[in-house]
Structure formats: C-alpha cells, structure tokens
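Letters A, B, ... are given to chains in the order of the sequence lines, protein chains preceding strands, and every chain is numbered from 1.
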Amino acid sequence: MIAFLLKRLVWGLVVLIAVAVITFFLSRVVPADPAAFLAGQNASEETVQRIRVEHGLDRPLPEQFASYMIGLAKGDLGESIRTRRSVSTDLKQYLPATLELLIVSFVLYLAVSFSLAVLAARRPGGAVDGAIRLITMVGTGIPVFWLGMTLQFFFFYKLHWLPLGARFPIRETAPPVVSGFLLVDSLLAGSLSAFLASLKHLTLPAATIVVNLLAVGTRLSRAALIQEQSRLYVRTARGKGLSPNRILFKHILRNALSPILTATTMQFGYMISWVILVEVIFDWPGIGLYAYQSFQVFDYSPVIALAIVSTAGFVIINLVMDLLYPVIDPRVQSVGS
Amino acid sequence: MALLELDAVSKTFSQRHGGRAVQAVAGVSLAVGKGETLGLVGESGCGKSTLARLALKLVDVTDGRVRFDGVDVTGFASRRMLPIRRRLQAVFQDPLASLNARMTIAEVMREPFDTHGVKLGAELETRIRELLSFVGLENIGIRKLPGQFSGGQLQRIAIARALALEPEIIVADEPTSALDPSIQAQIVNLMLQIQRKRGISYLIISHDLDVIGHVADRIAVMYLGIIIEQGTADAIMQRPLHPYTQALLSAAPTLAARRQVGWKRIMLTGDPPNPADVPSGCRFHPRCHLARDICREKVPPLRATPGTGQMVACHLAPDETAQAGAEVGRARRGLAVAS
Amino acid sequence: DDASTFVYADAGEPSTIDPAKANVNWEFTVTRNIYDRLVDFDLDDPSKLLPALATEWKQDGKVWTFKLRDGVTFHDGTAFDANDVKATLDRLLKIGQGQSYLVDDIASVTVVDPKTVKIETKAPTVFLASNLSRIEMLSDEDIAKHKDDLGQAWFNENANGTGPYEFVSWTRGTQIELKRNDKWWGKFPEKPFDRVLDRFVTDGANRARGLEGGEFDLANFVPLDEALRIGTSSGFHLVEGNNLWAWPAIYLNMDLAPTNNKNFREALVKAFDYNAMVQSFQGKAEVGRGPVPSWFPGSPEKEEAEIKTDLDGAKAALAKSGLANAKMKCSVPAGFPEFRFAATVLQSSAQQLGVTVEIEEQPFVEAITAIKSDKSNCFVLGNANLSPSDATKFFSAHYLKGGFYNSGKFFDQTLQDLVAKLPTISDAVERGKLLKQAADIVVDSHYIIWTARPKTVVPEPDRIGGYRIDPAEYINARFWEMYSK
Amino acid sequence: MILSVRDFAIGFQREGQNLVAVDGISFDVAEGETFVIIGESGSGKSLTGMSIAGLQPPTAFVSGSIRFKDREMLKRPDAELRKLRGPEIGLIYQDPLSSLNPVWPVGDQIAETLTAHGLASRAEARKRAVEMLERVRIPDPRRVASAYPHEISGGMRQRAMIAMALAAGPSLLIADEPTTALDVTIKAQMLELLAELKRELSLTIILITHDMGVVAEVADRILVLYAGRIAEVGPADAIMLQPSHPYTAALMTSAMISQTPAKQDLNAIVGGAPGLGAFPAGCRFHPRCPRARDDCKAIEPPRRKFGSVELACHHPIEAAMPLETARS
Amino acid sequence: MSISTQPTRRTIARPKGVLLPLALLVLVILAAFTLLPGLIAPHDPIALAMADRLKPPSLTHIFGTDEGGRDVFSRIVYGTRYSLGVAIAIVFASALFGVIYGAVSGMARQGIDNLMMRIVDLFFGFPALVLALAVAASIGRGLDSVALSLAIIWWPGYARLVRGEVLRLRERPHVEAARALGVSEMTILRRHIIPFVVQEVNVRVTTDIGYALVAVTALSFLGLGANSPTPEWGLLIRDSRPYFGSAWWYLVFPGTMIMLTATAFSLIGDALASRRAA
Ligand SMILES: Nc1ncnc2c1ncn2[C@@H]1O[C@H](COP(=O)(O)OP(=O)(O)OP(=O)(O)O)[C@@H](O)[C@H]1O
Ligand SMILES: Nc1ncnc2c1ncn2[C@@H]1O[C@H](COP(=O)(O)OP(=O)(O)OP(=O)(O)O)[C@@H](O)[C@H]1O
Ligand SMILES: [Mg+2]
Ligand SMILES: [Mg+2]
C-alpha cells in the first residue's frame, strides 16, 4: 500500500516535471517579446533591453530553464510580467475562484449524471432511456464556449434571471475573504443573501461546464450500468426474488462504480480544460482567465503555472481514484498499473 | 526414438504485479512415439495447457529440454522452428475462438500453405476441398466466415487445417470439451480415423477421462504441475495406482455406474490447491485419504512399479493402492464390484 | 448607496497603476482620476490649455516656468509643492517607460520656490505645457520612502495623488475601487459619484451586454454596432466625438516584398474600398487624407487631396510595379473587430487586383513582432498619441526611425528633419506649413492606408451625464465630471 | 404434482419473424423427485427452466400454462412471482464465480435472500447464512461468510450458491447445469451434496444438464428435448437403459465411451442440432435419424404413450436395445 | 401450435430507429457541403457586400448575414471543409499514429512496452486543452497548428486502446493457433490482430470526429485557429461575439451546425459500436 502510494507519487512528480519542461520550452519558442509589452508602446529600445535583462529574458534558453526549474523546486513559479507580481501570489488569489467553480460543477455533475444514468438504466431501451440518450448525445456535441454564450444570452440578456458573469454582485460588498470560496465565506460571515448571490453567479458557468460533462458522463455511466445488468449475478439476484429496484441499487450500482469512477477521472481532465473557456466567457476571475490573459501577451510563467497546477490537480485526482478502487471493488488489490 | 520428447521441462510464470510466481509445470518428462497417442489428464489449472504450449514451443521453457525427432529445439528461434512446425501441428479447445473470425474458410485453410511456402497455384482449392472432405465436410461453402458454422464443423475445419501439411504429430488441447456430447463422439471418431489412415501421433490433453481412456495408448496423469502417474491406457483405466487417479476415475459418473449398487466412489476432500502455494512433500497429500507423515514430508519420486511398467509417484503405491484401483476400474466398466 | 456608486466596465485589468509606467487605457482610467496634472486642456479644443496644478506658465526659449496652485494636498494629507513636480519628472525620466516619451526633451527640472518650478528642455519646444497635460504628479515623499527601486514596487499597486478620486482597493481579477476626494481643489458637478468601481471586463460583448442590462454605468471599447444599437435604444443616448485612436490604419512593410515596392503600395491604397469601411461604421466615419486629422491643432488635412477608391489607377500602378499575382501577409492584433475588418476589406479589394492577402490575427505583441521582423507585410493599428496638440510626438512614434509604431520601418530623412524642427517654431502658421509638408511625405510614400476615420461613439445611460470624449485618449471616463441625474 | 407444464411455448421476434424456441411442451414434476431435462445446446432447456420460475427473457413471447403448486406462473405479475422465488423456488446456475455478486461478502448475499423477503432480521439472517454454509459442508463457515467470492475456491462458490438458493427454504430447486464448469472431483462432491440436501430438506429438483454421467447418477425422471420439442419423457431407467426414441438412443450410446472398446469408432449422431429458426419440417430429428422415413420428413410426430414413457416418434425403437457392449 | 404475439413485457422502439437515418442524412449533407460547396452555397463566402450588413434571416439569406454582408449560410457551407476537415484529419492522423504505436508497444518486449506506455501515460497526466494551447501558441496560429496540437494530444488515446486490444488479442486462441502454425509475428499482427483492432478503432474514430470538431472550434474560438475571413465555424462564433446583441443568427447557426455534426457522428459511432457488439 505504502509502496504503491509512493510509486504513484513519484510518477506524479515525473508527470509534473515533464509538463514543466514541455510547457517551458514550448512557450519560449513563441516569436514574441514580453519585454516589449512590459516596457510599453512608446518605450525606447534601451528601455526594452533593460527590462529583458531585469527579467532574465536575455539569457540563453538553457540558463533560463535551469533557473526556472531551480525556482520551481523551491515552489517559486516565477513572476508574471503582466500582473508584475509573483505567480504564486496571483495563484493564491485566483485559485479559489476556479476551485469553487470546479467543485460546484463537479458535485452537480456527479449528482445529475448519476441520477440520469440510473433513470436510463432502469429500462434500457425505454422512452426515458431514449430521451436521455438523445440529450446526452446532443450534449456531447455542444461546444462549451457556444453554450456559455447562449446561456448568457437567454438567462441574462433576455430573461434577466441570472447575472452576466463575475462571482458576486458588483455593487454589493463581498464577504471578507477567509477561504476564498465565496459560498463558504458568505456563510462564515453569516450572510445568507451573500451565499445566494454567489450561488446565482455560479449557476451559469457551472451549468455550462456541467452540460458537456454530463453528456459524456451520463453516457458512460449508463453504459456501465447497462453492461452490469447483463451480468450473471443479476440473474442470481432475480432468482432470489429481489425487486428490480433493489437489484439496481444494491447490486448493480456498486459494481458499476468502478467504470463510472474511471469515466469520472477522465471527465476531470476535460473539466480542467473547459474551465479556461468558461472563465473567459463569464469573466470568472480564476486561474483559467488569468492564464488566458497572460497567454495573450505571452507572459509565460502563468501559463506554465496553470499547466503545472492543473496537472497536479489531475495527478491528485488520479491518486484519489486509485485509492478508491479497492474500496469500491474488493477484487482490486491496490496494485495500480 | 520418440518423436516429441519433453525432458524435465518446467515453466514458471512470474506474476505481473509482484505476486507470487506460479510454477505451472514443474519438471515434467514425457515422450510421444511415432504413431502413438499419449493422453494427458488432470484437473483444471494443473498445467496441462501450459505443457501443450511448451511442447508446441509457444512458450519457452524455464528449465529442461524439448526435443523433436531427436533434435533439441529448446532454444530454436521462430525461423528455425518453421520446418519443425510443418511436422508438428496443433488443435485447440474452442474451435470458434481459434479460427480468425474475419477470415473465410478458404483463407483459413490456405494459411498453412502460405506460411510454409507451399505454392499450389490453381490446385489450391482442390486441395482445400480434399482436406475438408477428408474431415467429413463435403460441399461446405468455403467463402463463408467461421461464424456461420456449428462448433462441430469448426473443429473439423481446425483439424483439416492441422492436417494440411501432413504433420507427424498433432498436439490437441481439449479438442472436444467445448462441444456437445453428441458432437464430441464425432470428433473423437474423426481423430481416430485420421490416425488409422495416416499413422499420425497425438498428444491429446483433456480433463475427460472417458475420452482419454478411449483414444490414448498411454496416459499421463498430471497434478499441480507434475506427472503423478503414467502408463498404458489399459493399466491406468483398469488398475490406477495413484489415489488421485483413482479419485478422478471414480468421480466421473458413467452410465454404467448407475447399475452399481453398493459401490462407493472415492471422494476427494477439499479443493484443488493453488499452484502459487504448493504443499510440501507429496503435492496431493492435503486431499488424500491415505495421507500420512511421510507424505507430508517427502516428495515421492515418479517410479516404475514392477510388472505393469506403470509409473507412479506415491509413497504407498502399489501396496496400499492396488486393491482400490482395481475396484475403481471394474466399477467404471459396469462390472460387479466385490463387496 | 447604489446611486452614488459608478460602475465602469473597463476592457482590461491594469498591469500597474504607476503613472510612470501606465501604458494602456485601463491603466489611465485609474491614474487619470487619482492624480492631477500641471495643466489641463479643453477637450473640445485641444490647443487651448487650462490651469490645473499649475495656475500659470510661460515659455522662454528652452526654459519653461510653472506657478503652482496653493493649498493642494495629497490624499494622505501632505501638501503638494514644487519638490513633488521635480521628483515626479526625475523619476519618470529615469524609468523611461509609459508616457515618458512625451517629456523626454526635458533636460532638467529646478525648484525655484515651493510654488515655482523651472523646466529646461534640450531644445526649445512649444509643446511642453501641452504634453505635461498628460503627466501625473506624485508625492516626493512617497518617492523618497521607496527609493530603492524608484518606488516601482510600491507605485505598482498603491496610489497617493492629489486628484478627485482616492484609491481604495484593488481586487485582483475583478475591480479597483475608488472613493471621491472631498478635499479636491477642483469642482465636482451637482451630483457626483462617491464611489467608483473600475471593473475589469475583458470581453467586449460582455461589456456591451452588461451596459445594456444595467450592470455597468459606462463601458469602454464597446463594439461599434452594439454601441450604436444601445446608444439609440431607450434609456440611453449616444455621446459622439473625435479622437486619435482607433482608426484602423494599415501599415505596409517597407522592407519586405511585395510591399517594399512603392507602385505596389500605391495600387493597394488606390484599390482599397473606403466605402466599405465607412459603411461598416454605419456611416459614422470619414475617409482620412493624411496622418493628421482635421480637428488636430494645425492640421493641414483640409488642403490635402481626397483619397478615393480608384481601381483603374490601382491597376495602372500595379502594372507599373510589375508584380502580378503577388501574395502578402497581414498581421492584425486580436481583439479589435474594426481592425480585423479593415484587413478583410484590404483582402477583398486586393483580390480585384489579383493580389492575395493572407490575414493573421494575433495578440498585439506577436502581431507587431511579426511585421517588425519582416514576417508580415502589413499591420493594422490605430494611431496613438497621448499629446493633445503635439504632432511631432505622433510623427516620431509612427514615421521616424525606431518609432514604436513605425512597424513597417518607414524612413525619410526630410521627414526626420522636419519633425525635429517643428517644436522649435513658435509661429502656428509656420508650423502648419511644415506639418503639411510632413503629411505630404507620408501620403506620397503610400506607407499607410487610412482606411476610415470613425467617430467615437459611446452609449451613455440617460440616468447619468457628464461624459465627454478625450480626443487624445480612447474612451476614458473623467469620473470627476460624471454625475447622476 | 408440484409442477405441471401444459403446451408451454416460448419464442422471440427477430427481424419481424416469430421464432419459436420451445414449442408446446407438456410435462409434470412430482413432489420429491429429481426431474432432469437433457438435450443438446440450444434445445430450450434453460428457457424452460427459467420460465418455471418466471424468469423468461423480457423480450420473449410465451403461451401455454405452467402451474406450480396449483398457481399459474405464466400470466402473473412479476411482483407476485418475486415472492415465490426464494421462499418457494430456489435457483442455481453454472459458473458460480460470475453468478455471485463480486463486491459483496458471500454471507451477506445469502442473508439477503432472507431479508429481502422479510423472513428474518439482518442479524438473524446473518446467523442463518452461516448455518446454511455449514449445511452445504463448508468448513469454517464463519470465515467464508465474510469472504468475497473471488477469495474462495470454485467448489466453495458453488456450495455458497446452493446455500443461497436454499436459504429461504424452497421446496423446488431448479439447477441449470450446476456442475458443468466444475472439475470432476468437485462435480462428484456437488452431486453428493445435492443428493444429501434433497433428502434432508425433501426437495424437488429440476436439473438441467447435458452431462450424461450426471443424469445417470441422479435422475428419477428424464425429459429429452430436441430442437424445442419433447422427444421423450419418462422414468430414468427406461430412458437411459431402454431408450425408445432414436435421438435418446443415440445420445446414450454416444455418451458411453467407457463401454466402447478402445480406439473403436463411437456410436455418434451424425450432423449437428439445428439452430433456432432452422428447424426442419416434420420430425425435427429426421435429418440426423438413421430410422427416418418419408413420413418423418413431412408429418410432425404426435405425442404418445409408449410403455412407461411418452414420446414423439413415428418409428420408435421397439425392443430394448442392448446398450452394453462391455469390455471383459 | 399458435403462440400469443404479445411479448410478456412491452419493448419500446429505440430512438436509434429514427435518429440513425437522420444522422446519416446529416452526414450526406456535410459531405455535399465539403465536396460541392460551390453548388450549394448561394453566395460568395468571402466577398464583402456592405449593403447587406447584419441582415436577419430571410429568403435570400436563410441564416442572415454577417458584419461584412456575407451570407452566413454560405460561410457555414464553405466552412465545413475547414472545421470538419480538420477534425477528420486530426482523428485520422492520431488514429494512424496511435494504431502503429499501440501495435508496436503491444507486440514489443515488456521493457519497451513499459517505456512506450509510460510516455502515453504522461500525455494522460496532462489536461489536454492546456497542452494543446501551449503547443498551438508556440507553433503559431492557424488551422494547421491547431490540427497538429490536437493530434499531439489525441493519439495517446488510440495508442492505449490499440495496445490494450493487441495485448488482449495476442492471448486469443486464434493467434495462438496461427503461431503454432508457424505464422510470423508480422503476419500475425497484420492478419490476425490489426483487423480486429481496426474494428474497435473505427467506432472510436467516428465518435471522436465529433469531439475533435468541438475541440477545433474551441481553439479557433480562443483565437488560435483559422484566420479571418476563413469561414471556419469556431471562428464564425468568435467573430459573431461582438454582434451578439444585434445579430443572434450570426451566433446561433454556426453553433447549431457544430452541435448537429458532432451529434450525428456520435450517433453513427454508437450504431457502429452496437453493430459490432451484436
Ligand atoms: N500466461 C500465464 N501467466 C501467468 N500464469 C499462467 C499463465 N498461463 C497459465 N498460468 C497459470 O498456470 C497454471 C496452469 O495453467 P494451465 O492453463 O496450464 O492449466 P490447465 O491444466 O490447462 O487448466 P484448464 O483445464 O483450466 O485449461 C494456472 O494456475 C494458471 O493460472
Ligand atoms: N433472450 C433471448 N433472445 C433470443 N433468443 C434466445 C434468448 N434466450 C435463448 N434464446 C434462444 O433460444 C434457444 C434455446 O435456448 P436455451 O438457452 O434454452 O438453450 P439450452 O438448451 O439451455 O442450451 P445450452 O445447453 O447451450 O444452455 C436458443 O436457440 C437460443 O439462441
Ligand atoms: Mg487448459
Ligand atoms: Mg442452457
């Protein structure tokens, strides 16, 4: 167990280093000059050069790489040229917003996709199943960015039900920052209205992420449930005179969890990707938007940091899932591949 | 000189994820002579298929030698094996699974010729038809896919393919166990006919004692990776000496046994042991009703019993087992049992 | 409390709020309102200067003398005096970024007495006071307190000015909050806003929709179609004006084939469908005749020849160039639909000549790097000049060697000399003549396609008033002039 | 009669065609007997067995009648049938590994038969599960009760399956090829166990198999199915030792390898069984039958009494055929 | 013997019955768009027609016009080639590379196989879009670089699928039988393994085209893909953004088109999968 954990951790580290190396070199291939951006549009060439030197952008690539990696080992993610702050400081600022969005979306996704899958799997081939299948299929084809815009159009622009973007009503004062999660902070501040307001702001971005995840996730969960239904132990359960509901909830569900878990892990990867688009569209002040804006001006460090942070998140999720498998399925000795 | 000879072969599988290694075959020596049928029986998981694969050189031995017609082929690379393979063919358990589902019967049948560079040109189809009718499949559509045939037909096709290059020996791993009883008989008959007409040798593996007893000249009984008894078919079927062989024989119910009032079968207690966890001493001792201290401590060697030429690996054979063996043999044949 | 809060949807988040480094619009949004400048200018007549922190000024050859206003204090309570002016200008020139180019002809700054400061320029320049209308005054104490790095770290995210609004907080990724400075020396309108939220809304469509939906009180860089639609819908009115920015001008690379061929460039200029551009601005635009717009002080525009689409002329010019079936690449900074559209029009116009234009939209830095490093033949950008009346700053950025916006690497020695001479001439009529000469050189070179010169339109909700367009700066709110109705 | 099947038929719709898999079979099972259904693969054994418990595939068409303890089983809502499965009818299958829920301890699965029917509280059911495991001769039942299926051997699994089927005390046990996947030595243990349990619990057993050895050992009465129809039904001894239907006779002789001299051709039935939808007209066995005449090809043989058996054959084997060519 | 024609439980017609033909129809339409855009599109997709700027849908412009007066429908028709073409290219290229890689890995010795799979695992460790963004940005904008960057993140899925299949198939009796016959490893791979793998891959490819389309348009939307005035669908949506308040049609139709196309491919992939399962 310990050995397994250790192995996975080492592997996670390898992945992280790889992503750092890859993104570092990729970002330096770009034919753009962030120093020029920093210096401003009317700055003289000397000023630009001075800034290049200040930020070490004039040094040879291997040297820049070495110092970046050394910094990384110390937890230093470099400095953002655009925000003129250390990336770690920025991340501390932006990460909670993203995490809040991700967690809410994920919980929502899990709940809804699971219920839909169960609903569909109760009568495979039935009308409910057909409808769900169609919806999920269409859902997988909806481009996330387009969906976000369309939801904005209807729910903000046409119906005035939900806000356009951002995390909190503009004119109101947000609760004091404790955790960075507005939902939590507003409760800590004892303000139900603030909680509801943050929830309202979360609705569209989360819905946008969820629809796509949901589609893929429900399909996979449904397939897993239906596949389990044809297993022989289900026949045995029927032979014992169990009701279909009991068979579904007590027998099938538990067995279908492993494939669903695998699907879920995969989904998490997509979610990290979609979050960039969603944050851009909804002006959600998280790391996706942060990295995207930095990326627009070829401010490298935040982009690399995003890659590293999201990869780390992904590695952790994978690890958690690996640890969950044996809990769910006693046949799996924790010997992941 | 034996045609196919396994000399103290062993095969150890290391488990993927650091689990305990499994010694599926542990120092087995066997020989199949020209025109002879050697039958190998044993319970599931005892290493029969592994042994077949060792004989066919589909896996490499961990230890021991494999000889074909006197030539040591143990270390042969696949290229050097090619001429040997022409003389050494195989038939497997599940005929549907062992034919490529996307190749027509004609393609399946020409594969041996192509592989061994036999150019038949226009004659190819005639030859294929000949082979198929030899196994009792006249006028079947050779452009059809395997999925369109029944299990019995497919096994015939598989046998026809094995015969294509006129081999000297066929290794058949459970050739009838996937088939219905009525079809089993057809295949057994077919294999016997082939041997009569072609003088071919067989290494036939099965867990069905009836089939083995019927087709084999000699029988080897395998338990947990080793041979525990070996002898002529008559000897083994009529006077098994090893308690395990006796249990096997008496366990399999026969129609004839229905008549035997008062006969009690030798029941084995417990389950087949785990090959990853081999018992000390005699491998069979935990399930043996005769087991005593020596059995737990000392590994019984496979040795010849005087007179019959039967080989048995049991500390107590034949003295304490011969009597029971004879009874088992009689009961099986539906003969009255002395009470 | 709602009515006293003004929410401004800004197109980006400042990278710094240090006036010495502020570069872009959304940085000026903050600095212009927190800090004051020595002089101000009349938005409707940029040549007319108005007193601000300085009440009087005069030029004497290379020396300018400014008399400072009495009783002005910084937000932290310290008094404003001549030392602040000196410290600010010294620091600005040392840092050399941001708007420092406007005053880079300053040789020295001398404190005569607390209320008088003397500024000497390297050469006589008539434009100094006008250019100082863009330079924000910091406190010398703040500068001294953080002298290690010239206060760069501190000023990046802190502010202490004398201006109408005080810096309250900066929520990264979201907004900067300002509050009204009661003690400001200037005059607020009747119902000014007590609190200003400068929101960062990077997406133009979101700014438009938020403005329309009432989330924002004002927004900058609203896409033109949306601005016109919103501005003419009920509850809104349109504020129209001129400014130097945001005219899509297409710069042609003078070094890279085929645009290094003058006849070829002429063909492009003549083939360009100016009407399409004007139509795309829904008629709210005119076609430029040269680099200096008519309303700019001393502009020779009226005397210039009209520029019109002339396909025959274009074909003739192309024939002369000997470049049939030429291919060229055009870089467009992303995020400006008007610029992209100008390139599209060029593409479709050029096609009529058999010239293929490939458009590549890229982030600003990448796009300008592409043309500067001869990977692209053209670049679309608006003009940029923060000085309300000094055309030489404009020329030097756009047409002189090494100018940041001289992306196509135009070079003409006569023009260089002319531009150097301009500020030294105190006679406005004489300056006008030189300006025309300079403009002609640029026009004749066919370096630029002035695709259209649109009016700037800003939709303002009827519930507020006071918004005016700054001719030298693109859509920026002077919060101190805004009021609720 | 504990079970009485009349004109039972079951079929499927495939590509718009009605394919009848089991076609109008009738038989009775008496209380306490071991009734064996034999036949080649695809002859409809499992469909018949499952239908008795109301477990026919949901896509199937059925007709006729199946009466279990004077209750009609076929046209009954599933909710009522469920009440019978467990307390009245127990089922076991081949392949115990996949027939057990892999993520539940064995004991819990046995206990569930009781709790689901409200026959015992949780704790009680658990205790009963251990008792049941003991009853099916599992050493150390407490340990096995808390083990997962993959942790115990194949023989133990099948024992656990039997324990589960019998936990709620059914009077009828339907066993669909319970020994097919097992090794001979384990198979023997299982047959022995079933025989003991039958005696102890006075069970009626319907055993489905195509293993003649198993049939020989346990059958009281035998039903021979061929291509969805009854070939022959009657007392085991009559059917096994003096088969009247040519198909039964062929089956029996082909299974008698040990009675055939070594290396001699076995008495095999030619050809293979027809698949669903490819049943021939007339007597379905006629293409493979050595006794077939013209009427067999055209006319479906009616069911009739023939000695102690009922059979469907135009030309049954009149005299007792010597089955035994014993080796001496 | 007559049998009741009532099934014991009612089976309800599966939606696939209606949807599959619809999906095939969409496919045919897309094929027509791709192959004969000139015949189908009523207007030039590039030429400006300023007089018709941002006109709502009408008989002449069924999907309305854009900011240059161009017919949105015609732009969508011409755009099929770019959006769908690139999506297909990505999936095909990844599938081809993935199949080769996976097959080699599956057939190779354990050490090499391990190494090759570690590399694949590495790709699975990264969040895909982030990597694609970085790649696309560094090799420059344009559809070709979008294609390349997506192919780079796409192939590992195929490699993993194929290797798994190869490992599974390698143990299959028919492969063992061929080996016993003396068939060389290369031939075994080609004749006895790849055809089965391809069957799996086909299903995956079909469904993936829809996903790839969404990914391509997403990158275009972020400004990494096609350049104006290429009528690529994601770019159309990006371009439409400033006019959303005034020209809903400009946003709605390209998005719907992406959705329809992706759904059609999903449906067909599903049908292929269930046909293979049957
Ligand atoms: N490739 C392999 N890797 C690891 N272990 C193996 C492998 N092949 C076989 N074994 C193990 O070796 C032992 C013997 O297997 P083998 O297939 O030879 O038995 P068998 O007698 O043919 O059984 P059966 O009657 O079930 O076919 C088993 O425990 C099996 O798990
Ligand atoms: N759910 C189903 N849908 C369609 N056909 C079915 C279904 N279940 C069984 N059949 C068909 O009905 C026929 C009889 O099946 P059944 O399972 O009863 O055979 P069996 O005698 O038990 O055979 P085996 O010995 O292989 O278990 C077969 O041809 C089978 O293909
Ligand atoms: Mg085997
Ligand atoms: Mg069956």
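- When heavy atoms are compared at a cutoff of 4.5 Å, A/Ile328 approaches chain D solely by way of its backbone atoms N, CA, C and O.
- D/Arg76 CZ: more than 12 foreign heavy atoms inside a 6.0 Å radius.
- Across D/Pro102 and A/Pro330, no two heavy atoms sit closer than the pair O-CG, 3.6 Å.
- Between chain A and the residues D/Leu100, D/Ile89, D/Val103, the largest count of heavy-atom pairs under 4.5 Å involves D/Val103.
- Only the side chain of A/Arg246 comes within contact range of chain D, judged by heavy atoms closer than 4.5 Å.
- Residues A/Thr236 and D/Tyr93 form a side-chain contact, since some pair of their non-hydrogen atoms from C-beta on lies under 4.5 Å apart.
- Using a 4.0 Å cut-off between a side-chain N of Lys or Arg and a carboxylate O of Asp or Glu, A/Lys250 and D/Glu112 do not qualify as a salt bridge.
- Taking every heavy atom of both residues into account, A/Gly239 and D/Arg85 meet most closely at O-CB, 3.3 Å.
- With a 6.0 Å radius and a threshold of 12 heavy atoms from other residues, nucleotides or ligands, D/Arg71 has its CZ atom above the threshold.
- Of the listed residues (D/Thr113, D/Ile92, D/Ile174, D/Leu91), the greatest number of heavy-atom pairs within a distance under 4.5 Å of chain A belongs to D/Thr113.
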Q.
Let's go through D/Asn101 and A/Asn255 carefully: what are the C-alpha distance in whole Å and the side-chain angles of both, what is the deciding distance for side-chain contact (heavy atoms from CB on, under 4.5 Å) to 0.1 Å, and is it a yes or a no?
A. CA-CA 8 Å; D/Asn101 186 339; A/Asn255 276 285; 2.7 Å; yes
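- Your options are D/Lys83, D/Glu88, D/His117, D/Met50, and the one with the most heavy-atom pairs under 4.5 Å with chain A is D/His117.
- In this structure the side chain of D/Ser98 never reaches within 4.5 angstrom of the side chain of A/Tyr233, judged on heavy atoms.
- Counting heavy atoms of neighbouring residues, nucleotides and ligands inside a 6.0 Å radius, atom CZ of D/Arg128 does not exceed 12 of them.
- Among D/Gly86, D/Pro105, D/Ala116, the residue making the largest number of heavy-atom pairs under 4.5 Å with chain A is D/Ala116.
- For NZ of D/Lys127, the number of neighbouring non-hydrogen atoms (other residues, nucleotides, ligands) closer than 6.0 Å is 12 at most.
- At a threshold of 4.5 Å between non-hydrogen side-chain atoms, the residues D/Met164 and A/Lys240 count as touching.
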